[in-house]
Peer 1: 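Below is one structure. I have some questions about it.
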2 protein chains.
Amino acid sequence: MNILIVEDNKELAAEVYDFLCNAGYVCKITHTCEDALEEVASNDYDAMLLDLGLPDGDGFEVLQAVRKTKSKMAVIVLTARGELDDRINGLHLGADDYLTKPFALTELSARLFAVIRRMHGFTVNSLSIHGFLLQLQDYKVSYNEVPLSLTKKEFDIFQYLVLNKNRVITRLQLTEHIWGDILEVNSDSNFIDVHVRNLRKKLDKHRSIDWFETVRNVGYRISE
Amino acid sequence: MNILIVEDNKELAAEVYDFLCNAGYVCKITHTCEDALEEVASNDYDAMLLDLGLPDGDGFEVLQAVRKTKSKMAVIVLTARGELDDRINGLHLGADDYLTKPFALTELSARLFAVIRRMHGFTVNSLSIHGFLLQLQDYKVSYNEVPLSLTKKEFDIFQYLVLNKNRVITRLQLTEHIWGDILEVNSDSNFIDVHVRNLRKKLDKHRSIDWFETVRNVGYRISE
DNA sequence: CTTCAACAATCAAAATATTCATAGATACAG
DNA sequence: CTGTATCTATGAATATTTTGATTGTTGAAG
């Protein structure tokens, strides 16, 4: 999974870079339109994160150029700019999604995943960590080729934590992500804890536990 | 729940009118900008469905005028027009949602519901049919004041069928609406049937069945 | 070093959802 | 009319999710 990050703010670019690398993507940063166009021409990226306000031109130019090559690359526009007009133009020109700065990295991760998935069917179809392989298509997990059976919720939680590995994910984030809008902030329950517990129990048989931490007062984290 | 339909195509207007009336809304049709403005000034509507191409002016004028009165009315623009530019302007001026013609009436129903809900909290908070009262906030159902306990899925199915009463809803529609994107077209199962069955059993104690039909080869329908 | 309060883990029970196998109903061909 | 294929209903088994009560942990205040 190759991602091109086109963003002149180096701090932000680096932050996104780290995050996406951690999430298992192979990333490359460019800071200008020119470099971006060159990268796109010479390499085969699955997705591009495109800032609009670049020093040597408007990001839209890059977007247009990319679309002309009828490449299957997904493009997510990252914009701090004035809002809707840009959005429209962008969608018109073929951006697949938008994120307005500032954005949460987990949000970026989710959008990126969705967009790539939409793009070429199922390119991101598995995640692996510490010997476990998650096949996202069919909700299967295995540990060194040996399948183990997780329930859907357990799988969802595992996947989300792996997708955001090295980051602490709060119970609220998990709830929102996995249960969607369903429940009216019913967070007086401990069902997350219970699912996590059951998940851990199943993973534990296959030696794990130390990289699947509970962060007190915050949530859970799976580290690489 | 009062809805103003502003649409010069009388056939379409009538169709939408019928549908929304069936869905429990109180509706009124106007065919021109002028009438629309008059209606809006003299009555208190919860939402307006606004066609853009009106004979005596652009629907946007109506939208602008409405927004100047800082009314809490939700506005959904119905447009057959050229697309994005209109959309932008519309969202800019304060439309709450858009539908491009042609659209499915069930889609309209869903958007309308969402928009009104967003607007003033929970205006559409209950549905009633044949003595049953569905309270959408807290997933409660009662039959002539006597509460009965449906599970979440049962409630969802009941609600969706009632929301689309007098129309046949296919199993696929139900699946997509209630399970969302969750399952990868897993329609080899009969879980809808089972839930419908259990739902019926619970409703049946309180005399019903005849207005809750199975439409062979298509799906289910609840009629008024 | 205790004690307390907040947080998390655990277990078992209850509620819910889903699957599966089978029976019933309906339409259509012959 | 009868047989057959297709669709739907049903009941029971199984799996999953959620709740609730209880116990263990941790960190801060005294």
Side-chain angles (χ1 to χ4, degrees), chain A residues 138-141 147-161 168-180 182-205 208-210 212-222, chain B residues 138-141 147-161 168-180 182-205 208-210 212-222:
Chain A
D138 47 8
Y139 280 88
K140 300 291 179 221
V141 191
L148 54 154
S149 82
L150 302 188
T151 71
K152 190 159 171 327
K153 297 288 185 235
E154 287 158 10
F155 187 93
D156 286 340
I157 289 173
F158 195 20
Q159 169 181 348
Y160 194 62
L161 289 175
V168 185
I169 299 299
T170 67
R171 290 175 176 75
L172 183 60
Q173 282 177 295
L174 278 170
T175 305
E176 287 181 346
H177 184 260
I178 294 171
W179 281 262
I182 300 176
L183 40 176
E184 308 282 330
V185 200
N186 187 15
S187 44
D188 56 328
S189 185
N190 69 335
F191 50 85
I192 292 278
D193 300 55
V194 174
H195 285 303
V196 166
R197 200 241 162 189
N198 294 330
L199 171 58
R200 272 175 166 157
K201 211 156 48 177
K202 290 182 182 175
L203 300 184
D204 197 39
K205 291 180 187 170
S208 57
I209 214 79
D210 62 322
F212 190 161
E213 313 159 71
T214 301
V215 179
R216 199 158 214 269
N217 292 318
V218 193
Y220 298 97
R221 172 177 52 208
I222 284 182
Chain B
D138 47 9
Y139 280 88
K140 298 292 179 222
V141 192
L148 55 154
S149 82
L150 303 187
T151 70
K152 190 160 171 326
K153 296 287 187 238
E154 287 159 10
F155 187 94
D156 286 341
I157 289 174
F158 196 19
Q159 169 181 347
Y160 193 62
L161 289 174
V168 185
I169 298 298
T170 67
R171 288 177 177 73
L172 182 61
Q173 283 177 294
L174 278 170
T175 304
E176 288 181 345
H177 184 260
I178 295 173
W179 280 262
I182 300 176
L183 40 176
E184 309 282 329
V185 200
N186 186 15
S187 44
D188 55 329
S189 184
N190 70 334
F191 51 84
I192 292 278
D193 301 54
V194 175
H195 285 301
V196 165
R197 200 240 162 193
N198 295 330
L199 171 59
R200 271 176 166 155
K201 212 157 46 177
K202 290 182 183 177
L203 300 184
D204 196 38
K205 291 182 187 169
S208 56
I209 213 80
D210 62 322
F212 190 160
E213 312 161 71
T214 300
V215 180
R216 198 161 213 270
N217 292 317
V218 193
Y220 298 97
R221 172 176 52 208
I222 284 182

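Residue numbers begin at 1 in each chain, while the letters A, B, ... track the order of the sequences.
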Peer 1: Look at A:S189 and D:dT19 and indicate whether a side-chain polar atom (N or O) is within less than 4.0 Å of OP1 or OP2.
Peer 2: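 Checking D:dT19 against A:S189, a side-chain N or O does come within under 4.0 Å of OP1 or OP2.
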
Peer 1: What are the two closest heavy atoms between A:V215 and A:R221, and how far apart are they?
Peer 2: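 Between these two residues, the closest heavy atoms are CG2-NH2, 4.1 Å.
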
Peer 1: Within this structure, what is the NZ-to-P distance between B:K153 and D:dT17, rounded to whole angstrom?
Peer 2: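 It works out to 11 Å between those atoms.
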
Peer 1: According to side chain to side chain contact (heavy atoms under 4.5 Å, CB included), who are the partners of A:N217, at least two apart in sequence or on a separate chain?
Peer 2: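 For A:N217 there are no side chain to side chain contact (heavy atoms under 4.5 Å, CB included) partners, ignoring immediate neighbours.
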
Peer 1: Looking only at side-chain atoms of A:H195, point me to the closest of D:dT18, C:dA9, C:dT18.
Peer 2: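 The nucleotide sitting nearest to the side chain is D:dT18.
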
Peer 1: For D:dA9 and B:Y220 - does any side-chain N or O of the residue sit under 4.0 Å from the phosphate oxygens OP1/OP2?
Peer 2: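 True: B:Y220 side-chain N/O within range (under 4.0 Å) of D:dA9 OP1/OP2.
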
Peer 1: Could you tell me the separation between the CD atom of A:E154 and the C1' atom of D:dT16, rounded to a whole number of Å?
Peer 2: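 Distance check: A:E154 CD to D:dT16 C1' gives 9 Å.
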
Peer 1: Please report, rounded to the nearest Å, how far the P atom of C:dT10 is from the CG atom of A:D204.
Peer 2: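 Rounded to whole Å, this separation is 9 Å.
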
Peer 1: Between D:dT19, C:dA8, C:dT16, which nucleotide has the shortest distance from any of its atoms to the side chain of A:T214?
Peer 2: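 My answer, after comparing the listed nucleotides, is C:dA8.
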
Peer 1: List the residues meeting ring pair (Phe, Tyr, Trp, His ring centres under 6.0 Å) with B:F158, not counting sequence neighbours, and say none if there are none.
Peer 2: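 B:F158: ring pair (Phe, Tyr, Trp, His ring centres under 6.0 Å) contacts with B:F132.
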
Peer 1: What contact category does B:V196 fall into here, base, sugar-phosphate, or nothing, at under 4.0 angstrom with non-hydrogen atoms?
Peer 2: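 No contact.
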
Peer 1: Rounded to whole angstrom units, what separation is found between the CZ atom of B:R200 and the C1' atom of D:dT10?
Peer 2: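 Atom CZ in B:R200 sits about 12 Å away from atom C1' in D:dT10.
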
Peer 1: Between A:F155 and A:Y139, what is the ring plane arrangement, given parallel below 30°, perpendicular above 60°, and tilted in between?
Peer 2: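 Geometry flag for A:Y139 against A:F155: tilted rings.
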
Peer 1: So which atom in A:I222 and which in A:L161 form the shortest heavy-atom distance, rounded to 0.1 Å?
Peer 2: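 Where A:I222 meets A:L161 most closely, the heavy atoms are CD1-CB, 3.6 Å.
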
Peer 1: Among the nucleotides D:dT19, D:dT17, D:dA9, which one has an atom lying closest to any side-chain atom of A:T151?
Peer 2: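 Among D:dT19, D:dT17, D:dA9, the one nearest the side chain of A:T151 is D:dT17.
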
Peer 1: Without decimals, in angstroms, what is the distance between A:L199 CG and D:dT17 P?
Peer 2: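 Whole-Å distance recorded here is 12 Å.
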
Peer 1: What nitrogen or oxygen pairs link the protein and nucleotides 3-7 of chain C at under 3.5 Å?
Peer 2:
{"from": "C:dC7", "atom 1": "O2", "to": "A:R216", "atom 2": "NH2", "distance (Å)": "3.4"}

Peer 1: Show the nearest heavy-atom pair for residues B:Q173 and B:V168, with the distance to one decimal.
Peer 2: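 Closest approach of B:Q173 to B:V168: OE1-O, 3.9 Å.
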
Peer 1: What is the distance from CG of B:N198 to C1' of D:dA9, rounded to the nearest Å?
Peer 2: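 Distance, rounded to whole Å: 11 Å.
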
Peer 1: Rounding to a whole Å, what distance do you find between B:I192:CD1 and C:dT19:P?
Peer 2: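 B:I192 atom CD1 is separated from C:dT19 atom P by 11 Å.
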
Peer 1: Without decimals, in angstroms, what is the distance between A:D193 CG and C:dT10 P?
Peer 2: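 So the CG-P distance, A:D193 to C:dT10, works out to 10 Å.
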
